[in-house]
S.K.: 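Sharing a structure with you now.
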Amino acid sequence: AVIGLATVAAHPASAADKKLTVAYIAPSLDISYWQWVAYGAKTQAAKLGMNYVEFTSENSPGTQMNNVRTALTRGVDAIVMGPVSSSSTPPILRLLKSKNVPIAFTGIGPQPGSTDYTSAVTANNYETGKAEGSFVCKAAKALGGNKIGMLSLPQDRENAQKYLRGAKEAFAADGCDLVQVLQTHGLTVREAVDQANDLLTAHPDIKGIYGMYDEAATGAAKALQTRGLVGKITVATADGSPTTIKLLRDGVIQGLFLQEAGGQGIDATTQVFNALTGKPTTKDIPLAEPLVTKDTIDSPEAQATIKRVYPPSAGAF
Amino acid sequence: MADKGFLLDARGITKSYGPTHVLRGMDFAVAPGEVHAFLGGNGAGKSTLLKIVADVVNRDGGTLNFDGHSVDEPQGAAARARGLAIVHQELAVLPHLTVAENIELPHYHRGLALFDRRAADRTALSALALIDRDFAEHAAHRLVGDLSLHEQQMVEIARALKSGARLLLLDEPTTNLTAGEAQRLFAVLRRLVSETEIGVVFVSHRMREIRQVADVCTIIRDGVAAVHRKPVTELTDADIVELMGQASALTETPVGGELPAAVSAAHVDAPRLKIEGLGFPVEVGGGAILGLAGAPAGPQALIDLLIGAAPLPGVVIRIGDHPQGYRSPREAVRDKVGFVSGDRANRGMLSALPIIDNMLASRRIVERRVLVSGKEAAQARSLLSALSIKASSYWALPSSLSGGTQQKLIIARWLQLQPRMLVLEEPTRGVDIGTKRDIYALIRVMAQAGTTIVWWSTEQTELVELCDTVLGFGPDGRATQLLHGAEITEERLAEATGMAA
Amino acid sequence: MMRIFSSYRTEIAIAVAIVVLELALGILVPNALTFGNISDIAQASAPLIIMAVGVLLVVITGGIDLSVGSIFSLTGMVTGLAMNSGYNSVLSTILGLLVGVVFGGINGFLVTFVGLAPFVVTLITYAVAASLAFIVTNGHSLPINDQNYYLLNGGTLIPGVPNFVLFCVVLVIVTEFVLRRVVAGRWVYAIGSSTNAARLLGIPVHRIRFSVYVVSGLCASFASVLSVSYISNAEGTAGEAMMLQAIAAVVIGGASLFGGTGSAFGALLGALMITVIQNGVNLIGINSFWQGSVTGLVILVAVLIDRVSKARR
Amino acid sequence: MMRIFSSYRTEIAIAVAIVVLELALGILVPNALTFGNISDIAQASAPLIIMAVGVLLVVITGGIDLSVGSIFSLTGMVTGLAMNSGYNSVLSTILGLLVGVVFGGINGFLVTFVGLAPFVVTLITYAVAASLAFIVTNGHSLPINDQNYYLLNGGTLIPGVPNFVLFCVVLVIVTEFVLRRVVAGRWVYAIGSSTNAARLLGIPVHRIRFSVYVVSGLCASFASVLSVSYISNAEGTAGEAMMLQAIAAVVIGGASLFGGTGSAFGALLGALMITVIQNGVNLIGINSFWQGSVTGLVILVAVLIDRVSKARR
Ligand SMILES: Nc1ncnc2c1ncn2[C@@H]1O[C@H](COP(=O)(O)OP(=O)(O)OP(=O)(O)O)[C@@H](O)[C@H]1O
Ligand SMILES: Nc1ncnc2c1ncn2[C@@H]1O[C@H](COP(=O)(O)OP(=O)(O)OP(=O)(O)O)[C@@H](O)[C@H]1O
Ligand SMILES: [Mg+2]
Ligand SMILES: [Mg+2]
């Protein structure tokens with residue numbers, strides 16, 4: 001028996017029946033976006049028969065690196081990561097390459113020029129920024145104005161910088177005027193309400209509010225409701241949640257550019273699983289952020305996309 | 001065998017702090033209508049016993065009856081809670097609250113009651129007026145934190161006097177009072193005792209006060225009552241000092257005197273001290289002892305000027321080669337000008353630091369030490385033994401020492417340092433009779449070696465005994481007179497300080 | 001009169017700073033001094049004011065309460081969950097307020113009866129409450145669809161005065177009254193002034209110290225239910241930024257972290273100051289990267305004014 | 001011997017708690033007690049330890065330093081910017097350290113010579129430095145490509161001992177030595193014990209108080225350059241979470257926010273404790289939402305052990 005045990009200890013399991021483990025490392029878990037990526041990764045891991053563990057980096061590259069090392073100590077086989085920033089990824093890629101552990105990124109991609117990663121599942125923030133810019137501008141013009149205010153993500157985030165660049169190009173092309181950009185700090189509805197109010201006080205003549213994150217639209221909607229301006233100012237945002245989808249259905253906001261948070265988790269997990277099991281992988285998966293409106297929300301395509309945004313437990317689709 | 005007649009009857013009280021057995025079966029009883037002096041050396045356990053009586057510290061053993069009932073039973077506990085007021089040796093004041101609130105707040109027991117400010121002002125006025133009418137009239141709304149130690153002490157006493165308690169425990173209440181204030185306090189106590197039959201326990205290290213105010217005394221030594229409830233008139237001063245275990249205090253030159261040996265005989269090159277702007281010139285040379293007499297305002301301002309702590313408009317001092325005096329205490333200390341305060345809590349003690357740091361703080365600066373040297377342990381030990389301080393270790397915090405012992409630590413800072421000038425601000429506050437004698441001797445030795453001494457005391461006997469010159473200050477803080485040699489008598493001092501009754 | 005002036009010196013300095021700021025803003029931005037914007041400021045500052053008043057009591061006793069931000073978050077989630085599970089709005093509000101009472105009670109117990117340092121205790125409850133705020137809904141934020149619930153914040157018990165203004169004003173005035181005129185209020189200062197002396201004087205130190213933590217938790221919860229009522233939404237991170245702001249409000253308003261000083265008016269003005277600056281930088285449109293610097297420097301100027309006014313007396 | 005035991009009681013209690021935690025973890029998780037994981041813990045805790053030692057000095061004087069987290073962030077950005085602009089790594093490091101000295105100096109000046117409350121002053125510099133951390137690069141994070149720079153953190157001045165371990169150990173030992181054995185160190189405690197008594201004793205209160213803020217800023221910057229060297233990346237939000245952790249480390253390690261107490265060993269152990277718990281919950285795989293609760297409760301147990309050990313003496 002002793003010998004038998006020793007043998008088992010020396011060869012814990014053959015590759016075939018060993019359960020693979022994937023670690024999801026989020027930059028922070030305090031915003032729903034990264035939680036929904038987590039949900040996608042977790043459900044997909046279960047589906048593929050993998051163990052799932054998760055870590056949060058508190059927006060600190062140091063903590064992120066510690067998390068990677070701890071994950072390796074735990075013996076994880078693959079990593080799905082929403083990095084703190086693109087520029088924080090090179091040392092991680094070096095480390096993982098030396099350990100031969102596949103990694104797939106979600107939301108934010110690796111440092112441009114990197115090659116040693118399995119896959120990057122990202123939203124095309126620049127194109128979405130442009131599309132949303134056009135949408136808001138046209139809607140504003142239909143309401144008789146061309147001034148737009150923006151509720152932005154913190155501009156130290158790469159996705160925020162890309163959204164803004166796209167939006168500015170669209171405004172320039174379509175003849176709209178971006179009169180103010182207010183950046184959030186905490187990504188809370190509360191803050192967005194206060195900022196939307198300040199926006200409307202400073203620029204009473206705006207006809208469109210461009211939101212960059214889900215809470216922005218919720219906050220803007222609230223401000224418009226209290227001021228009796230619903231329908232007189234158009235609101236669109238990226239992301240999508242049960243709250244904003246309801247607002248869309250109620251006609252308080254006009255456009256949603258769905259970001260498949262859950263889908264990113266699903267796809268990234270699939271990619272690292274493929275890498276581990278020797279199946280083909282896709283390096284870059286830029287997911288579109290399709291526009292839905294009150295009229296298109298119940299279409300089968302829109303409903304399919306929404307199901308890749310957030311889990312059923314979050315609310316109705 | 002509890003005597004029904006006693007207000008307070010404590011029998012066989014025991015109390016230890018770790019290995020230190022403070023009380024080893026102490027008896028203590030107070031009858032109504034008496035002022036009871038409670039005597040003993042520093043660290044004898046007086047404050048500890050009073051705190052046990054007042055339910056601030058738990059006793060290890062013994063019985064305690066209040067008004068005939070054990071305080072371990074609800075009736076006795078309630079009687080004690082209602083009937084006892086204490087003035088602690090280390091003041092228990094609330095610095096951010098006003099004088100009126102400090103006096104009146106403890107009398108409220110219901111949190112949801114409204115605090116009646118007008119009533120509090122009236123109570124404060126009448127209570128303080130018993131001791132100092134001037135102070136009473138403008139004090140009610142001042143924050144206690146802005147008051148001097150003397151004024152804070154009056155607030156504490158006023159609180160106790162107005163509490164309506166049947167037993168007053170006063171732990172060294174006069175150490176922070178001027179002679180005149182003490183006299184008025186005694187008058188009040190005598191009146192209260194005769195009119196309302198309350199009992200008063202009075203702790204003091206001043207023999208004369210004891211004789212003045214006390215009827216009976218209990219002396220504590222080695223944790224037991226060396227004398228229990230004896231009329232003060234039956235004991236001579238010599239008896240009392242002997243019973244306290246401080247016989248050395250009786251001889252003119254101290255015999256237990258390791259202390260003066262702590263001062264090296266090397267001659268100090270002392271500066272002349274000139275003070276201008278007081279209305280008359282004051283000048284003392286090296287080796288002289290200049291006394292400062294009077295209510296705190298004047299002497300304290302002059303002391304702050306002397307040690308560089310604060311300027312005093314209109315007054316200029318010249319200390320040897322420092323024609324403008326000192327700009328900071330640091331400059332003064334580095335020029336070997338020492339300062340010892342009796343206001344331990346605010347101006348003296350570093351209470352979060354162990355004994356050794358407290359004793360050697362000045363030396364480190366004077367000698368410009370960079371490192372805490374290995375020698376310091378030996379120095380600390382020699383200072384502790386010179387002052388016969390019994391501490392569990394010099395790494396203990398000062399709060400584990402008795403009040404008078406803490407004062408010795410502060411005095412110890414300037415022993416062995418041969419200061420050029422030593423500024424003493426009520427340095428013997430709370431120090432027992434024996435040690436006081438030693439300190440007087442020490443000051444004389446230092447003066448003989450050439451150190452200029454400036455000494456403020458509210459105990460006029462001290463000034464008479466020690467000083468070559470005394471500068472008197474009136475109650476308004478203005479300098480009044482300069483007395484020399486034989487002119488220094490208690491009568492002249494009383495006159496100079498405006499305290500002639 | 002002079003006494004009021006001198007005992008509220010810091011408060012007056014801050015009030016003057018706020019008025020100057022608003023006037024300057026009025027010159028720079030056309031709509032800054034409209035009724036609409038001023039009522040926006042009131043609405044934006046109400047939860048912070050309420051939270052700051054609770055924190056103030058703890059700070060006066062010489063303690064600190066780091067847990068208020070996450071109590072705020074957790075309260076919102078509990079209230080939202082209760083409402084979405086079909087409880088009526090009164091019951092849901094009460095459940096929410098219980099969160100503050102329970103966490104405040106834990107803080108008070110550990111500080112008062114176990115004798116742990118307030119910083120450590122409230123840091124622990126901060127972490128636990130923040131974590132629970134995610135656990136209760138598995139991280140999802142909750143929209144509140146009950147339209148009646150809005151009345152808690154925006155309704156008018158007194159005609160013409162929205163409830164959130166009413167609650168703030170009443171809370172501040174009552175707290176100031178209690179602190180100045182009621183014995184328990186004076187005890188709060190007594191404990192912060194010298195715990196040891198307060199104990200020796202027979203003041204019920206334990207009871208008061210325990211209570212201030214409970215009240216602080218309750219205020220944080222109350223701030224949260226009002227806020228949830230206003231924005232019809234509960235989020236796990238809603239209170240995160242508020243803890244430091246609440247303590248800052250109290251300290252800017254003249255309280256010392258060493259205890260013994262501070263006033264409810266000061267806390268109100270400190271919170272208002274923070275909101276006014278935020279409103280100002282938004283209205284002027286100062287780039288968000290610069291906002292921290294601008295906010296910092298404006299607060300510096302305000303406390304320097306206070307400092308100078310103190311030095312001159 | 002007994003003396004060391006009694007004067008380091010808190011430190012010993014925390015050390016015991018850490019050892020117990022690690023042993024428990026070793027039973028639960030196979031790789032927890034490997035050399036690799038222990039050196040990961042050392043690496044993860046190094047910046048926090050260094051920052052905590054600086055904060056400790058301020059806390060001993062009775063002050064507080066909230067600005068260290070954003071000094072950490074700003075230092076990284078300045079260092080990264082300098083490196084990416086072609087300065088060599090030594091010069092860039094010095095520029096980074098200057099950030100801490102300058103901000104520490106501003107803190108020290110405003111607290112010491114203007115007399116403002118440390119909480120307010122360092123809250124202001126916290127906001128300003130955090131804002132500057134974004135401004136200097138317009139919000140972009142910076143990759144550091146200079147491979148040599150890695151040596152600052154991971155190289156070995158003494159064979160076999162990585163620099164970050166060396167720096168931590170030397171800093172803690174030197175600080176503890178200064179605090180215990182150097183006269184200026186004793187003065188730090190004296191000021192925290194009673195500023196007034198310290199001044200009258202002739203202690204250079206201003207100079208010492210000013211210095212501790214400068215040292216605190218410098219430590220935060222030093223922590224940052226090490227961290228940047230380790231992860232080859234500078235981020236505007238890198239230090240955000242560290243301020244509260246550093247103060248917590250100091251307080252868990254036995255310092256009182258009222259001043260006068262605390263030790264460098266305590267700060268080290270407090271920081272280590274925080275990192276060990278973080279490492280433990282990650283290794284065990286505790287759900288992220290639960291991590292705050294678990295961390296809070298483990299710290300509670302640790303401080304209760306300390307409390308009990310104090311009560312029993
Ligand atoms: N908290 C404490 N911890 C340890 N020892 C203590 C403590 N409090 C008092 N002691 C010790 O108890 C003894 C008695 O102290 P106490 O204060 O009662 O003396 P005292 O008679 O009032 O002296 P003094 O005349 O100096 O005021 C002293 O030896 C002192 O060191
Ligand atoms: N803050 C300090 N910390 C450590 N050592 C000090 C400090 N200040 C002074 N010293 C030590 O004291 C000695 C004298 O220092 P310093 O140069 O300050 O003296 P000084 O010029 O005579 O006095 P001043 O400071 O009043 O100008 C030196 O040995 C120095 O190391
Ligand atoms: Mg005593
Ligand atoms: Mg010099």
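In what follows, chains carry the letters A, B, and so on, assigned in the order in which the sequence lines appear, proteins first and then strands, with residues in each chain numbered from 1.
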S.K.: Tell me, for R413(B) versus chain D, whether the close heavy atoms (under 4.5 Å) come from the side chain, the backbone, both or neither.
M.R.: side chain
S.K.: When rounded to the nearest 0.5 angstrom, what is the spacing between CG in N358(B) and CG in L201(D)?
M.R.: 8.0 Å
S.K.: Under a 4.5 Å heavy-atom cut-off, does chain B meet the side chain of F177(D), its backbone, both or neither?
M.R.: side chain
S.K.: With heavy-atom distances below 4.5 Å as the criterion, would you say the side chains of L200(D) and I307(B) are in contact?
M.R.: yes
S.K.: Heavy-atom distance under 4.5 Å between the side chains of L371(B) and V182(D), does that happen here?
M.R.: yes
S.K.: Which atoms of V333(B) come close to chain D, meaning under 4.5 Å heavy atom to heavy atom: side chain ones, backbone ones, both, or neither?
M.R.: side chain
S.K.: Please tell me if the side chains of V372(B) and R186(D) come closer than 4.5 Å, counting only heavy atoms from C-beta onward.
M.R.: yes
S.K.: When you measure from the side chain of R199(D) to the backbone of A309(B), do you find a donor-acceptor pair of N or O atoms at a distance under 3.5 Å?
M.R.: yes
S.K.: Please state whether the side chain, the backbone, both or neither of S328(B) comes within less than 4.5 Å of a heavy atom of chain D.
M.R.: neither
S.K.: Judged by atom type as modelled, is there a donor-acceptor pair below 3.5 Å linking the side chain of N196(D) to the main-chain atoms of R347(B)?
M.R.: no
S.K.: Could you walk me through whether W187(D) and L350(B) pass side-chain contact (heavy atoms from CB on, under 4.5 Å), step by step?
M.R.: CA-CA 10 Å; W187(D) 290 345; L350(B) 301 169; over 6 Å; no
S.K.: Please name the pair of heavy atoms, one in A352(B) and one in G260(D), separated by the smallest distance, quoted to 0.1 Å.
M.R.: CB-O, 3.8 Å
S.K.: Can you check whether H206(D) reaches R330(B) side chain to side chain, under 4.5 Å on heavy atoms?
M.R.: no
S.K.: Counting only heavy atoms not in F164(D) (residues, nucleotides, ligands), do more than 12 fall under 6.0 Å from its CZ?
M.R.: yes
S.K.: Considering non-hydrogen atoms only, spot the tightest contact between A197(D) and G348(B) and give its length.
M.R.: CB-O, 3.9 Å
S.K.: Which region of I203(D), side chain (C-beta onward) or backbone (N, CA, C, O), has a non-hydrogen atom less than 4.5 Å from a non-hydrogen atom of chain B, or is it both or neither?
M.R.: both
